[in-house]
K.L.:
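Take this structure first; my questions come after.
One is the number of the first residue; the rest follow in order along the sequence. Read the numbers this way: they start at 1 and go in the same order the structure lists the ligands and their atoms.
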Amino acid sequence: MHPIRPDRRWPLHDIATTRQIEQAAAAALPPHTLMERAGLAVARLALALAPHARRIWIACGPGNNGGDGLEAAMHLQRWGKAPQLTWLGDEGKAPADALASLQRARQAGVAFGAAPPPDWDFAIDALLGIGGARSPQGRMAEWIAALNSGGQSVLAVDVPSGLDADTGNGAAVRATHTLSLLTLKRGLFTAHGRDAAGAIWFDELGLLPGTGDGAPTAWLSSPAAASTRLHASHKGSYGDVAVIGGAPGMAGAALLAGSAALHGGAGRVFVGLLDADTLKVDSAQPELMLRPWDSLDLGAMSVACGCGGGEAVRAALPKVLSTARALVLDADALNAVAADPQLQLQLKARAGRGRATVITPHPLEAARLLGSSAAQVQADRLAAARELAQRFSCVAVLKGSGSITAGPGEVPLVNFTGNARLATAGTGDVLAGMVAARLAQGRDAMRAASEAVHAHGACADRWPDGEPLTAGELARRA
Ligand SMILES: NC(=O)C1=CN([C@@H]2O[C@H](COP(=O)(O)OP(=O)(O)OC[C@H]3O[C@@H](n4cnc5c(N)ncnc54)[C@H](O)[C@@H]3O)[C@@H](O)[C@H]2O)[C@@H](O)CC1
Ligand SMILES: [K+]
């Protein structure tokens, strides 16, 4: 069993590949083995999380997720606990594995109740797993509400009940811990998944990697490997970044991206402000070289374009798209591209010329690019990110909880760092600068984007309690 932390590249699976792996594993093992292993893993984790809990409410649903709960109840009873089990199934319809566990639990003398117990010390949510469909109603919804209102810790089996294991959507149990079984479900890490799942654990139920032909459908992103700089190197070894943005009244956004690029290790950082009448130097960051944007040699630079770009960025985009050696498009640049088919063609054509491009939309910007709505984007964030990458032949970072990095023909990466402290003005500009710095240092677009997203979130995770997170400080620390 593994606690999942953002320090390793874990494979993530969707429901379809999990079912393939489950079938292959079940065929290779004696009957009922997987459910026995699942129940034992759940019981062990419950005991480790709440060693002193006695009254453990185990809410079991009608399918095999409920079967895992029934198996766990037997172990907990054997270990001197007082499991209080409620089962929402129908013996005439229950799957064979769950039915076998139901009979064994009854024989073992586990106490069954028709309704949630009046109180409990710890709860196990085994109502719905990957077979959850439609939004819970009736007793299912009532028990989910009871688990959420209890105030006690809840361990969710496989996925928090009600959560779509693929998309991370759905009104669900808000667990304190989730034990993902057999495969690590991708929906735990994006959209509402992280809020519903709490701390995430994984047990592969004794299977060796590669069982079945279900290849991962996503990866959890990991930190960049530590890199050392050669003594015999100079600023030219680490590339030039140009930030193009800062329309009238929005110079700050471009300066934040510039600061992030500088602290992200770029050799030199130029800021091409779209408002020519503003700053000539940023005295707080004299390293930044402020120049008219159209005087910069973009063919030799990694460009971050759009930060505070306003309407003015539209006029710069044809030249930026056709000349930038490597490019990050953010914010107003994305809105301009979304509104202009000609710019879209130019964006798409970059891949054919071997030019790296990363787009970093939030859900609303993504929706504009895809001609859909933010709700449609959020309904399946992985699919939306893949569609962006495919349509525009570039790497797409769909921001939000569990940012997705997708590239054409690549298995997407789901980010597992970051928190709601990043929901403050300017943090997106910082991310754009961080990606540009990594492109300038020679990373390919997928790596530059996913490593920057990981580092950006990890910095927020390390932020000291009680200290407000500001974009300026984030740019310096990330
Ligand atoms: N078969 C096995 O040996 C194993 C099963 N496993 C467990 O089995 C789970 C999958 O089992 P199932 O495929 O039976 O699916 P689930 O147990 O997740 O749920 C399916 C059942 O719930 C009902 N249902 C779906 N949505 C509902 C809703 N909104 N309200 C009320 N009822 C609803 C369905 O009609 C069906 O009866 C996994 O998530 C995992 O927990 C794992 O332990 C691995 C081993
Ligand atoms: K569950």
K.L.:
Please report which non-hydrogen protein atom sits nearest to atom 28 (C) of ligand 1, along with the residue it belongs to and the distance in Å to one decimal place.
P.N.:
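Protein heavy atom at minimum distance: Ala133 O, 3.5 Å.
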K.L.:
Closer than 4.0 Å to some heavy atom of Gly132 - which atoms of ligand 1 meet that?
P.N.:
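Reading through ligand 1 atom by atom, the close ones are 18 (O), 25 (C), 26 (N).
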K.L.:
Within ligand 1, which atoms have a heavy atom of Pro62 less than 4.0 Å away?
P.N.:
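Taking each heavy atom of Pro62 in turn, ligand 1 has 21 (C), 22 (O), 23 (C), 37 (O) under 4.0 Å.
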K.L.:
Side chain or backbone of Lys93 under 4.0 Å from ligand 1, or both, or neither, by non-hydrogen atoms?
P.N.:
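The answer is neither; Lys93 stays 4.0 Å or more away.
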K.L.:
When you compare the side chains of Asp461 and Thr417, does any donor N or O come within less than 3.5 Å of an acceptor on the partner?
P.N.:
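No.
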K.L.:
Which of the atoms of ligand 1 are close to Ala38, meaning less than 4.0 Å from one of its heavy atoms?
P.N.:
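Matching atoms, with element in brackets: 43 (O).
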K.L.:
May I ask you to decide whether Arg476 forms a salt bridge with Glu473, counting only side-chain N to carboxylate O separations under 4.0 Å?
P.N.:
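Answer for the salt bridge query: yes.
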K.L.:
Checking a contact table here: which protein heavy atom is nearest atom 24 (N) of ligand 1, and how many Å away?
P.N.:
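Going by distance alone, atom 24 (N) of ligand 1 is nearest to Leu128 CD2, 3.6 Å.
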K.L.:
Check each heavy atom of Asn64 against ligand 1 and say whether those closer than 4.0 Å belong to the side chain, the backbone, both or neither.
P.N.:
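The answer is both, backbone and side chain.
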K.L.:
Parallel, tilted or perpendicular, judged at 30° and 60°: which one describes the rings of Trp57 and Trp143?
P.N.:
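Plane angle over 60°, so perpendicular.
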K.L.:
Check whether any N or O atom of Gly131, backbone or side chain, sits under 3.5 Å from an N or O atom of ligand 1, and answer yes or no.
P.N.:
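N/O-N/O distance below 3.5 Å exists for this pair.
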K.L.:
Does Arg106 count as lying over the ring of Phe112, i.e. NZ or CZ under 6.0 Å from the six-ring centre, within 45 degrees of the axis?
P.N.:
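Checked: cation-pi criterion met.
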K.L.:
Give the atom numbers and elements of ligand 1 that come within less than 4.0 Å of a heavy atom of Pro136.
P.N.:
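Under 4.0 Å from Pro136, ligand 1 has these atoms: 29 (N).
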K.L.:
I need the atoms of ligand 1 closer than 4.0 Å to a non-hydrogen atom of Glu22, numbered in the order shown.
P.N.:
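Selected atoms, number and element: 1 (N), 2 (C).
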K.L.:
Would you call Ala26 a ligand 1 contact, heavy-atom distance under 4.0 Å?
P.N.:
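Ala26 does not count as a contact of ligand 1 under the 4.0 Å cut-off.
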K.L.:
Under 3.4 Å from the K ion (ligand 2), can any N, O or S atom of Val159 be found?
P.N.:
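It does; at least one qualifying atom falls short of 3.4 Å.
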K.L.:
For atom 34 (C) of ligand 1, is some protein heavy-atom partner under 4.0 Å away?
P.N.:
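Within 4.0 Å of atom 34 (C) of ligand 1, no protein heavy atoms are found.
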K.L.:
Please state whether the separation between the K ion (ligand 2) and some N/O/S atom of Thr178 is under 3.4 Å?
P.N.:
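Under 3.4 Å: Thr178 has no N, O or S contact with the K ion (ligand 2).
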K.L.:
For the residue pair Ala389 and Ala406, what are the closest heavy atoms and their distance?
P.N.:
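Closest approach of Ala389 to Ala406: CB-O, 3.5 Å.
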K.L.:
So, the side chain of Asn169 versus the backbone of Leu163: is there a donor-acceptor pair under 3.5 Å, distance only?
P.N.:
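Pair absent, no side-chain N/O of Asn169 close to backbone of Leu163.
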K.L.:
Can you check the angle at the K ion (ligand 2) formed by OD1 of Asn65 and O of Leu128? Round it to the nearest 10°.
P.N.:
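Between OD1 of Asn65 and O of Leu128, at the K ion (ligand 2), the angle is about 70°.
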K.L.:
Under 6.0 Å from the six-membered ring centre of Trp463 and within 45° of its axis: does the NZ or CZ of Arg477 meet both?
P.N.:
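Satisfied, under 6.0 Å and within 45°.
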K.L.:
Is the K ion (ligand 2) less than 3.4 Å from an N/O/S atom of Gly61, whether that atom is in the backbone or a side chain?
P.N.:
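Under 3.4 Å: Gly61 has no N, O or S contact with the K ion (ligand 2).
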K.L.:
Quick one: does ligand 1 sit under 4.0 Å from the side chain of Asp158, the backbone, both or neither, non-hydrogen atoms only?
P.N.:
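Looking at Asp158 and ligand 1, just side chain atoms fall under 4.0 Å.
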K.L.:
Less than 6.0 angstrom from the centroid, inside 45 degrees of the normal: does Arg55 satisfy that with respect to the ring of Trp120?
P.N.:
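Negative - Arg55 is either too far from the ring of Trp120 or too far off its axis.
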K.L.:
Quick one: nearest non-hydrogen protein atom to atom 44 (C) of ligand 1, plus distance?
P.N.:
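Answer for atom 44 (C) of ligand 1: Leu205 CD1, 3.9 Å.
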K.L.:
Which one holds for Asn65 and ligand 1: side chain close, backbone close, both close, or neither close, with close meaning a heavy atom under 4.0 Å?
P.N.:
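Within the 4.0 Å criterion, Asn65 contacts ligand 1 through backbone and side-chain atoms alike.
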K.L.:
Backbone or side chain, does Pro160 get an N/O/S atom under 3.4 Å to the K ion (ligand 2)?
P.N.:
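No, since none of the N, O or S atoms of Pro160 sits under 3.4 Å from the K ion (ligand 2).
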K.L.:
Which residue owns the protein heavy atom closest to atom 45 (C) of ligand 1, what's the atom, and how far is it?
P.N.:
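Answer for atom 45 (C) of ligand 1: Leu34 CB, 3.5 Å.
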K.L.:
Counting N and O atoms only, with roles assigned by atom type, does the side chain of Asp332 sit under 3.5 Å from a partner on the main chain of Gly309, one being a donor and the other an acceptor?
P.N.:
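Side chain of Asp332 to backbone of Gly309, a donor-acceptor pair under 3.5 Å: yes, one is there.
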K.L.:
Show which atoms of ligand 1 fall inside a sub-4.0 Å distance from at least one heavy-atom site of Ile130.
P.N.:
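Contacts of ligand 1 toward Ile130, numbered from 1: 10 (C), 18 (O), 38 (C), 39 (O).
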K.L.:
To check your reading of the model: name the closest protein heavy atom to atom 7 (C) of ligand 1, its residue, and the distance in Å.
P.N.:
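Checking every protein heavy atom, the shortest distance to atom 7 (C) of ligand 1 gives Asp68 OD2, 3.2 Å.
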K.L.:
Suppose I only count heavy atoms of Asp97 and a 4.0 Å limit; which atoms of ligand 1 are within that range?
P.N.:
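Contacts of ligand 1 toward Asp97, numbered from 1: 1 (N), 2 (C), 3 (O).
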K.L.:
Under 3.5 Å, is there a donor-acceptor pair between the Thr183 and Thr18 side chains?
P.N.:
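Result is yes, a qualifying pair exists.
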K.L.:
Under a 4.5 Å cut-off applied to non-hydrogen side-chain atoms, are Ile404 and Asn415 in contact?
P.N.:
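Contact flag for Ile404/Asn415 side chains = no.
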K.L.:
With respect to Gly129, determine whether any N or O atom, backbone or side chain, lies less than 3.5 Å from an N or O atom of ligand 1.
P.N.:
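Indeed, backbone or side chain, Gly129 has an N or O that close.
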K.L.:
Is Asp125 close enough to the K ion (ligand 2) that one of its N, O or S atoms comes in under 3.4 Å?
P.N.:
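Given the 3.4 Å cut-off, Asp125 counts as a ligand of the K ion (ligand 2).
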K.L.:
Quick one: do Arg37 and Glu71 make a salt bridge, cutoff under 4.0 Å?
P.N.:
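Between Glu71 and Arg37 there is no salt bridge, as every charged N stays at least 4.0 Å from the carboxylate O atoms.
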K.L.:
Thr190 vs Arg381, test: side chain to side chain donor-acceptor pair (under 3.5 Å). Steps then yes/no.
P.N.:
CA-CA 8 Å; Thr190 199; Arg381 289 170 49 78; 2.8 Å; yes
K.L.:
Quick check: closest heavy atoms across Ala59 and Thr86, and the distance to 0.1 Å?
P.N.:
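The pair with the smallest heavy-atom distance is CA-OG1, 3.6 Å.
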K.L.:
Report yes or no: does Arg19 have a heavy atom closer than 4.0 Å to ligand 1?
P.N.:
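Per 4.0 Å heavy-atom rule, Arg19 contacts ligand 1.
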K.L.:
Going by the atom numbers of ligand 1, which of them fall below 4.0 Å from some non-hydrogen atom of Met140?
P.N.:
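Every atom of ligand 1 under 4.0 Å from some heavy atom of Met140: 30 (N), 31 (C), 32 (N).
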K.L.:
Would you say Ser401 and Arg194 are linked by a side-chain donor-acceptor pair, where the criterion is simply a distance under 3.5 Å?
P.N.:
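There is no such pair between these side chains.
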K.L.:
Walk me through it: do Arg104 and His32 pass the test side chain to side chain contact (heavy atoms under 4.5 Å, CB included)?
P.N.:
CA-CA 12 Å; Arg104 278 152 40 94; His32 210 58; 4.1 Å; yes
K.L.:
Side chain, backbone, both or neither: which part of Lys185 has a heavy atom under 4.0 Å from ligand 1?
P.N.:
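Answer for Lys185: neither.
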K.L.:
For ligand 1, is any non-hydrogen atom under 4.0 Å from Arg134's backbone (N, CA, C, O), its side chain (CB onward), both, or neither?
P.N.:
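Both of them.
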K.L.:
Is there a donor-acceptor pair closer than 3.5 Å between any side-chain N or O of His2 and the backbone N or O of Ile4?
P.N.:
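Between the backbone of Ile4 and the side chain of His2 there is no qualifying donor-acceptor contact (under 3.5 Å).
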